[in-house]
Amino acid sequence: MQHNALYYPSASRRMATFGKRGMVATSQPLAAQVGISILQQGGNAIDAAIATAAALTVVEPTSNGIGSDAFAIVWVDGKLHGLNASGPAPRAATIDALKALGHDTIPNHGMLPVTVPGAPAAWAVLSERFGKLPFAQLLAPAIALAEEGFAVTPVIHQMWQEAFNNYATYSDAAFTPWFDTFAPKGRAPRPGELWSSPDHANSLNAIANTKAEAFYKGELADAIDAFSQKHGGLLRKEDLAAYQPEWVDPISIRYKGHDIWEIPPNGSGMIVLQALGMLERLEACPGNTLETLHRRIEATKLAYMDGFKHITERADMAPSTEQMLDDGYLKARAALIGEQAVDPVHGNPLQGGTVYLATADSDGNMVSFIQSNFKGFGSGMVVPGTGISLQNRGWSFSLDPEHANALAPGKRTYHTIIPGFITKDNQAVGPFGVMGGYMQPQGQLQVVTAMLEDHLNPQAALDMPRWKWTKGKTVEVEADFPNHLALALARRGHHIVKVADSISFGRGQIILRDPESGVLQGGTEPRTDGAVLPL
């Protein structure tokens, strides 16, 4: 039968998903099945999140891999815990070193933008602190998927093809392993076509059997070091060996009677909190859809400008998180939101291509987890014989020594990946996230406001047509964004651009728990191959 797996002439609809004993929501059905299988084996939400994350490195390599970074917010025994598993720049990564190589900005591909990957360490420390099942058991499903292969899903194919086209422009031999691993037939795999990676399976097996030590101090670290040196990279085994993820206290803002939680900088969750904080400080305008939408866009713009100006490694930030979320400061920023769109500028608080998954279990544990290679497959660098694709997170650093996010050895850069979590009255409501580079804070704001202000269920909140601020007064909207609102926003001074393809508008997952019954309600992203599975 001949058909196109990416052609859907009729709008489809799915309902919110309900469950009682557990739930897994993520962007690829096989990965969601892996998480559910771990819950069925007696694992908890943390075990399910680790297993799902490992499986996603196989079934969605277009967005993440073993060489990714990761962040997590974990609700266990009535308390939130934050994990920052983003990696620092190599010790040899200095502004002078990059400029000596002829760079005025950090390249987005190749070995130079590669920082220490944190994802394998994140899996190991989460398992050690909160897991129930043996670590090796959690990675076994991902290993089997890599060995036996899986049928490529439609949206994954689309992103795979885009990456193939991007990397095909390079003649550098450093990119050859990517094509050997991810395009063995000389092209991107097609929808429904089987793809496997025995090298990927072997690497996951080594990580499983050593609780990630093989990646940071063993044979995989040796292979990464050798490849980096051969192709002009700065990452060394010593950088890998010195790495440890950081446990952090999540930060929050109150919005519509709920507390919205994010990982503190160097993560960019601060942008979400600032934007919500501004909106909370404006007078309500119930029933005025245009005014509500205009305010959300303007608050997002102002928060982004603060984020771009100030967010980096906490020790290198001039304003503190408390100053950036100060009530008086947020009121002053909110006061800048008027009737017309503005070109946003940052304030001064110093007065005085990613995968996201959510899991829940019957004991009340919940996890908001995100990991990413940054832009698509990342740097385009795959370590030969390992299946390890390395992220390009260092691309976010600035080579301007006066910039807050200036490159420095051992420094972690401004990070786009942000897991979110909602609580109310010190009880868990649930994890949420929207992957997609710089779309993430905007996507989070849109689903949070849709649920808490517009009173939409999780699936309906994810289904809503999205907007995306790009620069100045320019706002991109999806093709099905209501035309009357697009025109009304244009009359307010916004430059509205309709975009045919929805893939750049983020891909989200949500799980919420009813505080009385404990029933779970989940939604999954309609813009990708997502699945939310109950237990």
Side-chain angles (χ1 to χ4, degrees), residues 14-60 63-64 70 72-76 122-123 126-127 130-151 153 155-156 204 208 355-371 419 421 428 430-433 435 458-459 462 507-514 517-526 528-535:
R14 63 182 303 155
M15 299 296 178
T17 299
F18 289 87
K20 173 64 177 175
R21 295 185 295 125
M23 187 171 285
V24 177
T26 192
S27 53
Q28 214 283 347
L30 291 174
Q33 289 177 22
V34 165
I36 286 293
S37 74
I38 292 297
L39 292 177
Q40 291 171 328
Q41 293 171 44
N44 60 17
I46 296 86
D47 294 321
I50 296 165
T52 303
L56 282 165
T57 70
V58 180
V59 298
E60 195 169 328
S63 304
N64 78 127
I73 300 178
V74 182
W75 177 272
V76 175
W123 306 340
L126 283 168
S127 174
F130 296 122
K132 289 176 62 178
L133 299 181
F135 185 63
Q137 187 174 342
L138 306 181
L139 269 60
I143 294 168
L145 283 167
E147 288 178 338
E148 299 167 11
F150 77 101
T153 45
V155 175
I156 303 303
L204 285 172
V355 292
Y356 174 79
L357 64 96
T359 62
D361 62 32
S362 59
D363 294 325
N365 303 310
M366 306 181 89
V367 180
S368 182
F369 187 96
I370 195 162
Q371 68 186 18
F421 205 96
F432 69 96
M435 66 187 86
Q459 188 60 57
L462 290 167
R507 297 173 293 145
Q509 314 293 331
I510 304 170
I511 296 177
L512 304 180
R513 182 187 297 277
D514 184 277
S517 66
V519 168
L520 301 165
Q521 182 179 182
T524 190
E525 182 59 66
T528 191
D529 310 309
V532 52
L533 300 181
L535 184 64

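Side-chain atoms are counted along with the backbone in the values below, which use heavy atoms only and exclude waters and symmetry mates. Residue numbers run from 1 in the order of the sequence given.
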Practice item. Apply side chain to side chain donor-acceptor pair (under 3.5 Å) to Q41 and list each qualifying residue two or more places apart in sequence or on a separate chain. Key: Q137
Point to revise | Qualifying residues under side chain to side chain donor-acceptor pair (under 3.5 Å), relative to Q509, sequence neighbours excluded | key: T524
Review point. How about L357 and T359: do any of their side-chain heavy atoms sit closer than 4.5 Å?
Key: yes
Practice item. State, with a plain yes or no, whether a side-chain heavy atom of I370 is found less than 4.5 Å away from one of V355. Key: no
**Study point:** Heavy-atom pair of closest approach, residues R513 and G364
**Key:** NH2-CA, 3.2 Å
Review point. Is there a donor-acceptor pair closer than 3.5 Å between any side-chain N or O of S368 and the backbone N or O of P431?
Key: no
Point to revise | Partner set under side chain to side chain donor-acceptor pair (under 3.5 Å) for D363, not counting sequence neighbours | key: none
Under 3.5 Å, side-chain donor or acceptor atoms of residues 24-39 against the rest of the protein: list the pairs with distances, not counting sequence neighbours.
{"from": "T26", "atom 1": "OG1", "to": "Y356", "atom 2": "O", "distance (Å)": "3.2"}
{"from": "S27", "atom 1": "OG", "to": "E60", "atom 2": "OE1", "distance (Å)": "2.6"}
{"from": "Q28", "atom 1": "OE1", "to": "L30", "atom 2": "N", "distance (Å)": "2.7"}
{"from": "Q28", "atom 1": "OE1", "to": "A31", "atom 2": "N", "distance (Å)": "3.4"}
{"from": "S37", "atom 1": "OG", "to": "V34", "atom 2": "O", "distance (Å)": "2.6"}

Point to revise | ring-ring contact (aromatic ring centres under 6.0 Å, His included) partners of F130, counting only residues at least two apart | key: H81, W247
Review point. Does the side chain of F421 reach to within under 4.5 Å of the side chain of M366, using non-hydrogen atoms?
Key: yes
**Study point:** Heavy-atom donor-acceptor pair, Q459 side chain to G523 backbone, under 3.5 Å
**Key:** no
Practice item. Look at the side chain of K20 and the backbone N and O of S517, then say whether any donor-acceptor pair between them is shorter than 3.5 Å. Key: yes
Review point. Which atom names give the shortest non-hydrogen contact between L204 and A142, and what distance separates them?
Key: CD1-CB, 3.8 Å
Practice item. Count the heavy atoms belonging to other residues, nucleotides or ligands that lie under 6.0 Å from CZ of R14, then report whether that count exceeds 12. Key: yes
Check: residues 528-535 side-chain donor-acceptor pairs under 3.5 Å, at least two apart:
{"from": "D529", "atom 1": "OD1", "to": "V155", "atom 2": "N", "distance (Å)": "3.2"}
{"from": "D529", "atom 1": "OD2", "to": "T153", "atom 2": "OG1", "distance (Å)": "2.8"}
{"from": "D529", "atom 1": "OD2", "to": "V155", "atom 2": "N", "distance (Å)": "3.3"}
{"from": "D529", "atom 1": "OD2", "to": "I156", "atom 2": "N", "distance (Å)": "3.2"}

Review point. Taking only residues two or more places apart in sequence, or in another chain, which ones meet A70 in a side chain to side chain contact (heavy atoms under 4.5 Å, CB included)?
Key: A85, A119, A122, F369, Q371
Review point. Does any N or O in the side chain of D361 come within less than 3.5 Å of the main-chain N or O of A45, such that one atom is a donor and the other an acceptor?
Key: yes
Point to revise | Which residues share a side chain to side chain donor-acceptor pair (under 3.5 Å) with Q521, sequence neighbours left out | key: none
Practice item. Output yes when a side-chain donor or acceptor of S127 lies under 3.5 Å from a complementary backbone atom of W123, and no otherwise. Key: no
Exercise for review: Taking N365 for its side chain and V76 for its backbone only, find out whether a donor-acceptor pair lies under 3.5 Å.
Suggested key: no
Check your understanding: Please, which pairs that meet salt bridge (charged side-chain N to carboxylate O under 4.0 Å, His left out) have at least one residue in residues 130-143, sequence neighbours excluded?
Key -> none
